[in-house]
J.: 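Attaching a single structure in structure tokens format; questions to follow.
The chains referred to below are lettered A, B, ... by the order of the sequence lines, with proteins before strands, and numbering in each begins at 1. Quick caveat: nothing in here was measured; it's all calculated off a predicted structure.
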Number of protein chains: 2
Amino acid sequence: MLKSNARDANCESCQTSGCFIKQHCADKYITLLNNLKETSTYRKDQYIAFEGYPVLGLFFIQSGKAKVVSSGLNGKTQVVRLTKSGDIIGHRGYGGEKYPISAVAIEESIVCFVDNDTIHQAFMDNPRLTFELMMYYSRELRKSEAKIKNQAQMNVREKVADALISCNSFFNNKNDSSFLIQLNRQDIADLAGINTEQLSRILSEFKKDEIITISKDGISINDLSFFQKIVSPFGSVE
Amino acid sequence: MLKSNARDANCESCQTSGCFIKQHCADKYITLLNNLKETSTYRKDQYIAFEGYPVLGLFFIQSGKAKVVSSGLNGKTQVVRLTKSGDIIGHRGYGGEKYPISAVAIEESIVCFVDNDTIHQAFMDNPRLTFELMMYYSRELRKSEAKIKNQAQMNVREKVADALISCNSFFNNKNDSSFLIQLNRQDIADLAGINTEQLSRILSEFKKDEIITISKDGISINDLSFFQKIVSPFGSVE
DNA sequence: ATTCTTTTATGATTTAAATCATATTTATTC
DNA sequence: GAATAAATATGATTTAAATCATAAAAGAAT
């Protein structure tokens, strides 16, 4: 596992609002985990978890953002999902022996690692933690199953619209119109499940219609509802 | 929710080995849930859960098999996964308000239903149940994320091979070579994420090469390793 | 600034897969 | 059993998307 300068952030003073440990463990447990966890900082494009490597524990993203990628046969890469502060990486492998996916930081990120034995004990002693994590996986599974359908049925234009909606809800936490997508074309294409040439074409089309603005700093979405109409013209079920 | 003749199977005498409730709840809880659950029998092609309908609780498959399907825009259907005895349906919707998917029996099936409040209480009182369910969702999520990549990157031949491998591990529990796939071409195509014409073509090709045998009773797989080579020529990570 | 490199965009061509059309097989009904 | 309907298979054609090729733009290095 590639790690850069290890940090020893303190759980008690940690301000990551979405942290499952902090939210759902007893205080004395947080103190305990604080000593057992390892906190590391990853620079952009550094690997947090590596596909095919043994699963040693669970990663909690304290701050920053990462992409979860899965490599295909012919050198292709699929961005399976995007993760950020409060999200968890690596648990899919739990029970299995090796990570089926890799996780790569897309900006400088601080990540806490808790080894298998410790997290297992934490689950046993903190039912609320287990419950919330179960709900988390349940939600992720919903999203994942929706994406299976999208990959199977959508055309490239719909896939791009869907990927941009995902980017919006991921990057645009303040819900302002001037946020920028911090991914390059290759990553957006891998997220949409298409190639970069097709992505460029579709983006140019959206740009011409002024649905998005492309500057050298990135892409910003002007009209999100336009994309929502593309992916579910009759309104969503959810 | 469409239900046929309600049955009142008894948890104490139930022989479903994979049942999460039976395996991971305290005995007194099993007695309690036995009274609160509703057990129904669904005939082939009957709906167990219906996409877009409110989530009222959780379905546990006691016996039988079901397909979990998601409907697309243009009348297309995606078979998201296959479920059988011991599996759970409906929990993706928990937290959300409506089922994002439907579940349809593919053979006569007995299904136990536990309402939201009851199952929530069961989670609170049986940490082991919650933990095992978390692990279950974690495994399902792994499979689901693998399928996202497959849908995005595989060609039709690979998709068919992948679907047949799934069918084998789903239907062929005794690991004999003479098992039959109990799905029609439309369902296999929806599982593979392709259309029936393409499926027929690929199946004919496999039949010609004697990888599979097609009779009027169904499809049987003669050489599973052939398919495994197609989907991961260099051996799997798992 | 100028060159070199990388990223992004776009046009031309090829290819795989969907669609359309029809035939064949299997199942159902009378 | 024959007749009808449904499911499956296969050929012909169209279409969407991938690939190939090249250009334009942006960033880095000198």
J.: Looking only at the side chains, is there a donor atom on one of Glu145(A) and Ser70(B) sitting less than 3.5 Å from an acceptor on the other?
T.: no

J.: Take the protein atom CZ of Arg157(B) and the nucleotide atom C1' of dT15(C), then report the distance between them rounded to whole Å.
T.: 17 Å

J.: Would you kindly give the CD1-to-P distance between Ile219(B) and dT26(C), to the nearest whole Å?
T.: 13 Å

J.: From CG of Asp45(A) over to P of dT7(C), roughly how many Å is that when rounded to an integer?
T.: 10 Å

J.: Detail all sub-3.5 Å separations between protein N/O atoms and N/O atoms belonging to nucleotides 6-13 of chain D.
T.:
from    : atom 1 : to        : atom 2 : distance (Å)
dT8(D)  : OP2    : Arg185(B) : N      : 3.3
dT8(D)  : O3'    : Arg185(B) : NH1    : 3.0
dA9(D)  : OP1    : Arg185(B) : NH1    : 2.8
dA9(D)  : OP2    : Arg185(B) : NH1    : 2.4
dA9(D)  : OP2    : Ser200(B) : OG     : 2.9
dT10(D) : OP2    : Ser204(B) : OG     : 2.1
dG11(D) : N7     : Arg201(B) : NH1    : 3.0

J.: Taking the nucleotide of DNA chain D with the nearest heavy atom to each, does Asn195(A) or Lys216(A) sit closer to the 5' end?
T.: Asn195(A)

J.: Between the axis at one end of the helix from dA1(C)-dT30(D) to dC30(C)-dG1(D) and the axis at the other (five pairs apiece), what's the angle to 10 degrees?
T.: 40°

J.: How close or far is atom P of dT14(C) from atom CG of Asn155(B), stated in whole angstroms?
T.: 21 Å

J.: Can you give each donor-acceptor pair under 3.5 Å made by side-chain atoms of residues 200-212 of chain A, sequence neighbours left out, with the distance rounded to 0.1 Å?
T.:
from      : atom 1 : to        : atom 2 : distance (Å)
Arg201(A) : NE     : Gln198(A) : OE1    : 3.1
Ser204(A) : OG     : Ser200(A) : O      : 2.9
Glu205(A) : OE2    : Arg157(A) : NE     : 2.8

J.: Report the C-alpha distance between Tyr99(A) and Tyr53(A) in whole Å, list the side-chain angles of each, state the deciding distance to 0.1 Å, and finish with yes or no for ring pair (Phe, Tyr, Trp, His ring centres under 6.0 Å).
T.: CA-CA 6 Å; Tyr99(A) 289 111; Tyr53(A) 275 57; 8.4 Å; no

J.: Counting only pairs under 3.5 Å, give me each side-chain donor-acceptor contact of residues 103-112 of chain B, with atom names and distances, residues two or more places apart or in other chains.
T.:
from      : atom 1 : to        : atom 2 : distance (Å)
Ser109(B) : OG     : Lys65(B)  : N      : 3.0
Ser109(B) : OG     : Lys65(B)  : O      : 3.2
Ser109(B) : OG     : Glu107(B) : O      : 2.8

J.: Taking only residues two or more places apart in sequence, or in another chain, which ones meet Lys67(A) in a salt bridge (charged side-chain N to carboxylate O under 4.0 Å, His left out)?
T.: Asp187(A)

J.: May I have the distance from Phe206(A) (atom CZ) to dA9(C) (atom C1'), rounded to whole angstrom?
T.: 16 Å

J.: Can we call the ring centroids of Phe20(B) and Tyr136(B) under 6.0 Å apart?
T.: yes

J.: Using residues 161-170 of chain B as the side-chain source, report each donor-acceptor pair under 3.5 Å to any protein atom, sequence neighbours left out, with the distance given to one decimal.
T.:
from      : atom 1 : to        : atom 2 : distance (Å)
Asp162(B) : OD2    : Asn150(B) : ND2    : 3.2
Ser166(B) : OG     : Asp162(B) : O      : 3.2
Asn168(B) : OD1    : Asn172(B) : ND2    : 2.8
Ser169(B) : OG     : Ile165(B) : O      : 3.3
Ser169(B) : OG     : Ser166(B) : O      : 3.2

J.: Is it the case that Glu51(B) and Ser71(B) place a side-chain donor and acceptor less than 3.5 Å from each other?
T.: yes

J.: Whole angstroms only, please: what is the CD1-C1' distance between Ile202(A) and dA16(D)?
T.: 10 Å

